[in-house]
**Student:** 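Before I ask anything, here is the structure I am working with.
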Amino acid sequence: MKRLLILAMNIILVIPCAFNQDQNPRLQWWQEARFGMFIHFGIYSIPGRGEWVRSVERISNEEYQPYVDEFNPYDYNPEEWATLAKSAGMKYAVMTAKHHDGFCLFNSELTDYKSNNSPIGRDLIKEYVNAFRDRGLKVGFYYSIIDWHHYDYPKYDDPFHPMRGNKKFKDEKINWERYLEYMHGQVRELMTNYGKIDILWLDFSYGNMKGEKWKARELVDMIRKLQPEIILNNRLSGSGGDHSYSEALGDFITPEQSIPDNPLLDTGGDPVPWETCLTLNNNWGYNKTDQNWKSPELIVHTLVNCVSKGGNLLLNVGPDARGNIPDESKEILQQVGKWMAKNSESIYGCGMAAALEKPDWGRITQKGNKLYLHVMYPLIGPVKLHGYRDRIERVRFVSTGSEAPATDEWWGSPESEGYIFINMDKPIHETFQWHDPWDTVIEITLNE
Ligand code: GLC
């Protein structure tokens, strides 16, 4: 059903529902959830220079092997991670079952290159699934369709492989079909051995390594057969910088380290489901020198930004080689959780308030007949809202449930016509403090 009319001038009108939930019923829980935890964990936490370390430093399988032989994250405790995710207000998680380095955190029958064979000697994915599921979080797997360890993956001519341009691999014979069998086989294992899985996050396509090169349709058919309700990202046909979308190959788009300027729409003008994935510093995998942490305020603003454009936020943690999420990440998530504990109703189940443009003072989200005004920035004068004056039932601060001082006049100005005004400067009495740190949310209930 067509819900949006796009007018020239970049104004979006909604008819009449806040966001499109009924297009793909599989996505409904996910669009309500809005906020999830991404976990990049693997061998690369030992060198501690990010998960691309093998590619960046052109490290061979042999040179990487000592790390594999050493991998023993004895503090690994996914219960703690799940508790942290929950306390931050996250509703789902996606964890690396295998990254580009090819090392598996699950007990694959198809390889020896797995955590069961490292000193830790366990199926870490199984423990993750149980811990997160037990705590009521939805569970997803990240699985790299690229593999820098597998013999049959292209090397010399590949733009990213650690052995790219290395003459030793120039004339080697690889068997691509055999790689596909391996990759499809591992996806089958992940879709079979861990009960119901909510999200499969495949990563990634580039150049001619996309779509049918991966035998994508066959793969998707298998996934859908084994896990009929699973939702699937779009990277069988694209990457994080790529907003193209083939519904046959995935359910949602994955902007990486960026937020679209506007809600993403398909050519027919219908909203396309999307999820920004974002690091807390500048690395996905653990990086011991990267101290470029984002503030909790920026994370709250980012989450609201995504939701106000109909998107989700998948926020990353990169545990260290002992299996601990860095203290800085924990601290940020706990702070975000404090804001969420008071204000999450302006996030869960919300989407864009498409009839309203972005205001100077922040952003607006909407859920049915509720508008949520997120007042994020200092402002001159009151918060103003146009076009709803005759429909307002009540105006409340979300974090306290208390009445917000709304009036329909500002200095008796005739320009007041059609506006309501909420004066954020004027406390009702001395001790009353309504400003939340980072984002004060005002809920406006409209009569239908
Ligand atoms: C990219 C990177 C990768 C990271 C991912 C997260 O595709 O290759 O290291 O896992 O994006 O979006």
**Student:** Looking only at side chains, do His374 and Thr365 share a donor and an acceptor under 3.5 Å apart?
**Tutor:**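 A pair is found: one side chain offers a donor N or O, the other an acceptor, under 3.5 Å apart.
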**Student:** Going through the checks in order, is the side-chain contact (heavy atoms from CB on, under 4.5 Å) test met by Ser87 and Leu333?
**Tutor:** CA-CA 8 Å; Ser87 70; Leu333 294 183; over 6 Å; no
**Student:** Answer yes or no: is there a donor N or O on one side and an acceptor on the other, between the side chain of Tyr348 and the main chain of Arg34, under 3.5 Å?
**Tutor:**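 Looks like no, no N/O pair under 3.5 Å.
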**Student:** Show your working on side-chain contact (heavy atoms from CB on, under 4.5 Å) between Ser237 and Lys210 and close with a plain yes or no.
**Tutor:** CA-CA 5 Å; Ser237 55; Lys210 68 178 204 195; 5.6 Å; no
**Student:** Do Ile299 and Leu280 make a side-chain contact, defined as non-hydrogen atoms from C-beta onward lying under 4.5 Å apart?
**Tutor:**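 Yes, their side chains come closer than 4.5 Å.
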**Student:** If you draw the axis of the six-membered ring of Tyr419, does the NZ or CZ of Lys384 fall within 45° of it and under 6.0 Å from the ring centre?
**Tutor:**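 Output yes; distance and angle both within limits.
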**Student:** Provide the closest heavy-atom pair for Ser115 versus Ile120 in the form atom of the first, atom of the second, distance.
**Tutor:**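 Taking Ser115 first and Ile120 second, the nearest heavy atoms are O-CG2, 3.5 Å.
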**Student:** Can you check whether Phe204 and Tyr206 have ring centres sitting under 6.0 Å from each other?
**Tutor:**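 Between Phe204 and Tyr206, the centre distance is under 6.0 Å.
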**Student:** Between Phe132 and Tyr92, is the ring centroid distance below 6.0 Å?
**Tutor:**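 Judged by ring-centre distance (under 6.0 Å), Phe132 and Tyr92 do not meet the cut-off.
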**Student:** Less than 4.0 angstrom from a charged side-chain N to a carboxylate O is my criterion; do Lys370 and Glu443 meet it?
**Tutor:**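 Salt bridge between Lys370 and Glu443, a charged N being under 4.0 Å from a carboxylate O: yes.
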**Student:** Do the non-hydrogen side-chain atoms of Cys277 and Val94 ever get within less than 4.5 Å of each other?
**Tutor:**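 The answer is no, as the side chains (C-beta and beyond) never meet within the 4.5 Å cut-off.
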**Student:** Could you tell me whether Arg235 and Asp203 make a salt bridge, using a distance below 4.0 angstrom between a side-chain N and a carboxylate O?
**Tutor:**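 Yes, charged N to carboxylate O under 4.0 Å.
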**Student:** Testing the 3.5 Å rule here: is there a donor-acceptor pair between the side chains of Glu63 and Ser60?
**Tutor:**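 Glu63 vs Ser60: donor-acceptor pair found between side chains.
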**Student:** Check the pair Asn287, Thr289 against side chain to side chain donor-acceptor pair (under 3.5 Å), reporting the backbone distance first and the verdict last.
**Tutor:** CA-CA 6 Å; Asn287 186 314; Thr289 60; 3.0 Å; yes
**Student:** Could Asp112 and Lys114 be called an ion pair, given the rule that one side-chain N must be under 4.0 Å from one carboxylate O?
**Tutor:**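 Here Asp112 does not pair with Lys114 in a salt bridge, since their nearest N and O are not under 4.0 Å apart.
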**Student:** Are the side chains of Val383 and Leu373 in contact, using a 4.5 Å heavy-atom criterion?
**Tutor:**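 When only atoms from C-beta onward are counted, Val383 and Leu373 do touch, with a gap below 4.5 Å.
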**Student:** Here's a test for you: under side chain to side chain contact (heavy atoms under 4.5 Å, CB included), which of Ile230, Val220, Asn233 qualifies with Leu200?
**Tutor:**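 Between Leu200 and the candidates, side chain to side chain contact (heavy atoms under 4.5 Å, CB included) is satisfied uniquely by Ile230.
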**Student:** Starting from the C-alpha separation in whole Å, work towards a yes-or-no answer on side-chain contact (heavy atoms from CB on, under 4.5 Å) for Thr96 and Trp284.
**Tutor:** CA-CA 11 Å; Thr96 47; Trp284 299 102; over 6 Å; no
**Student:** Is atom CD of Gln291 surrounded by more than 12 heavy atoms (other residues, nucleotides or ligands) closer than 6.0 Å?
**Tutor:**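 Counting other residues, nucleotides and ligands, CD of Gln291 exceeds 12 neighbours.
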**Student:** What class does the angle between the rings of Phe41 and Phe71 fall in, given that below 30° is parallel, 30 to 60° is tilted and above 60° is perpendicular?
**Tutor:**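 The arrangement is tilted - the two ring planes meet at 30° to 60°.
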**Student:** Determine, using ring centers only, whether Trp52 and Phe160 are less than 6.0 Å apart.
**Tutor:**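 So the answer is yes for these two rings.
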**Student:** Roughly how far, to the nearest 0.5 Å, is CD1 of Ile392 from OG1 of Thr445?
**Tutor:**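 If we round to the nearest 0.5 Å, Thr445:OG1 and Ile392:CD1 are 9.5 Å apart.
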**Student:** Around atom CZ of Arg188, are there more than 12 heavy atoms from other residues, nucleotides or ligands closer than 6.0 Å?
**Tutor:**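 For Arg188, atom CZ is not crowded (no more than 12 foreign heavy atoms under 6.0 Å).
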**Student:** Taking the side chain as every heavy atom from C-beta outward, state whether Phe106 and Glu189 have any pair of such atoms under 4.5 Å apart.
**Tutor:**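 Yes, side chains in contact.
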**Student:** Side-chain contact test, heavy atoms from C-beta onward, threshold under 4.5 Å: evaluate it for Asn447 versus Asn369 and give yes or no.
**Tutor:**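 In short, these two side chains do not touch, never coming nearer than 4.5 Å.
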**Student:** Minimum heavy-atom separation for Gly211 to Ser205, with atom names?
**Tutor:**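 Minimum heavy-atom separation between Gly211 and Ser205: N-OG, 4.4 Å.
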**Student:** Quick one: NZ on Lys126 to OH on Tyr194, what's the gap to the nearest 0.5 Å?
**Tutor:**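 If we round to the nearest 0.5 Å, Lys126:NZ and Tyr194:OH are 7.5 Å apart.
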**Student:** Taking the six-membered ring where the residue is Trp, are the ring centres of Phe38 and His40 under 6.0 Å apart?
**Tutor:**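 Yes, they do, as the ring centres are separated by less than 6.0 Å.
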**Student:** I'd like to know if Glu403 pairs up with Arg394 as an ion pair, taking the criterion as any Lys NZ or Arg NE/NH1/NH2 lying under 4.0 Å from an Asp or Glu carboxylate oxygen.
**Tutor:**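 No, this pair does not count.
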**Student:** Search all heavy atoms of Val68 against all heavy atoms of Ser118 and return the closest pair with its distance.
**Tutor:**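 Result for this residue pair: O-OG, 2.7 Å.
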**Student:** Looking only at the aromatic ring of each residue, does the gap between the centers of His301 and Tyr377 stay below 6.0 angstrom?
**Tutor:**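 Ring centroids of Tyr377 and His301 are less than 6.0 Å from each other.
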**Student:** Are Arg224 and Asp251 close enough for a salt bridge, meaning some N to O gap below 4.0 Å?
**Tutor:**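 Looking at Asp251 together with Arg224, the answer is yes, because their closest N to O distance falls below 4.0 Å.
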**Student:** Using every non-hydrogen atom in the two residues, find where Tyr143 and Lys98 come nearest and quote the distance to one decimal.
**Tutor:**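 Between these two residues, the closest heavy atoms are OH-NZ, 3.3 Å.
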**Student:** Could you state the interatomic distance from CG (Asp290) to OG1 (Thr279), rounded to the nearest 0.5 Å?
**Tutor:**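 Separation between the atoms: 7.5 Å.
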**Student:** State plainly whether the residues Arg49 and Glu57 are in salt-bridge range, i.e. N to O under 4.0 Å.
**Tutor:**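 Salt bridge: yes.
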**Student:** Does Glu70, at its CD atom, have more than 12 non-hydrogen atoms belonging to other residues, nucleotides or ligands within less than 6.0 Å?
**Tutor:**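 Enclosed: over 12 neighbouring heavy atoms sit under 6.0 Å from CD of Glu70.
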**Student:** Can a side-chain donor-acceptor contact be found between Asn61 and Arg54 if the only test is distance below 3.5 angstrom?
**Tutor:**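 Side chains of Arg54 and Asn61: pair found under 3.5 Å.
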**Student:** Which of parallel (below 30°), tilted (30 to 60°) and perpendicular (above 60°) describes Trp201 and Tyr142?
**Tutor:**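 Because their plane-to-plane angle is under 30°, the rings of Trp201 and Tyr142 count as parallel.
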**Student:** Using 0.5 Å steps for rounding, measure from the CG atom of Leu298 to the CG atom of Leu303.
**Tutor:**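 Taking CG in Leu298 and CG in Leu303, the distance rounds to 11.5 Å.
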**Student:** Might you point out which heavy atoms bring Ala321 and Ser45 nearest each other, and give the distance in Å?
**Tutor:**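 For Ala321 and Ser45, the tightest heavy-atom pair comes out as CA-OG, 3.4 Å.
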**Student:** Tyr76 and Trp81: ring-ring contact (aromatic ring centres under 6.0 Å, His included), yes or no, with the steps?
**Tutor:** CA-CA 9 Å; Tyr76 180 65; Trp81 299 0; 5.1 Å; yes
**Student:** Under 6.0 Å from the six-membered ring centre of Trp30 and within 45° of its axis: does the NZ or CZ of Lys138 meet both?
**Tutor:**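 Judged by the rule, Lys138 and Trp30 form no cation-pi pair.
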**Student:** Is there a side-chain contact between Lys342 and Lys338, using heavy atoms and a 4.5 Å cut-off?
**Tutor:**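 The answer is no, as the side chains (C-beta and beyond) never meet within the 4.5 Å cut-off.
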**Student:** What's the spacing between Thr254 OG1 and Leu202 CG if we round to 0.5 Å?
**Tutor:**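 The OG1 atom of Thr254 sits 10.5 Å away from the CG atom of Leu202.
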**Student:** Under the criterion side-chain contact (heavy atoms from CB on, under 4.5 Å), I'd like the reasoning laid out for Phe35 against Leu315: C-alpha separation, chi angles, the key distance, then a yes or no.
**Tutor:** CA-CA 8 Å; Phe35 192 24; Leu315 188 61; 4.0 Å; yes
**Student:** Is the distance between the ring centroids of Tyr64 and Tyr113 less than 6.0 Å?
**Tutor:**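 Ring centroids of Tyr64 and Tyr113 are no less than 6.0 Å from each other.
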**Student:** How close do Pro296 and Val336 get, counting heavy atoms only, and between which atoms?
**Tutor:**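 Heavy-atom minimum between the residues: O-CG2, 4.0 Å.
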**Student:** How about Phe252 and Asn312: do any of their side-chain heavy atoms sit closer than 4.5 Å?
**Tutor:**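 No; the side chains remain at least 4.5 Å from each other.
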**Student:** Let me confirm one number: the CD1-NE2 distance from Ile145 to His184, rounded to the nearest 0.5 Å.
**Tutor:**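 Going from the CD1 atom of Ile145 to the NE2 atom of His184 covers 9.0 Å.
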**Student:** Before we go on, tell me: are the rings of Phe103 and His149 under 6.0 Å apart, centre to centre?
**Tutor:**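 For Phe103 and His149, the ring centres are not under 6.0 Å apart.
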**Student:** Looking just at side-chain N and O atoms, do Asp75 and Asn324 make a donor-acceptor pair shorter than 3.5 Å?
**Tutor:**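 Short answer, yes.
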**Student:** Within the structure provided, determine whether Arg164 and Trp148 are in side-chain contact (heavy-atom separation under 4.5 Å).
**Tutor:**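 Arg164 does not reach Trp148 side chain to side chain.
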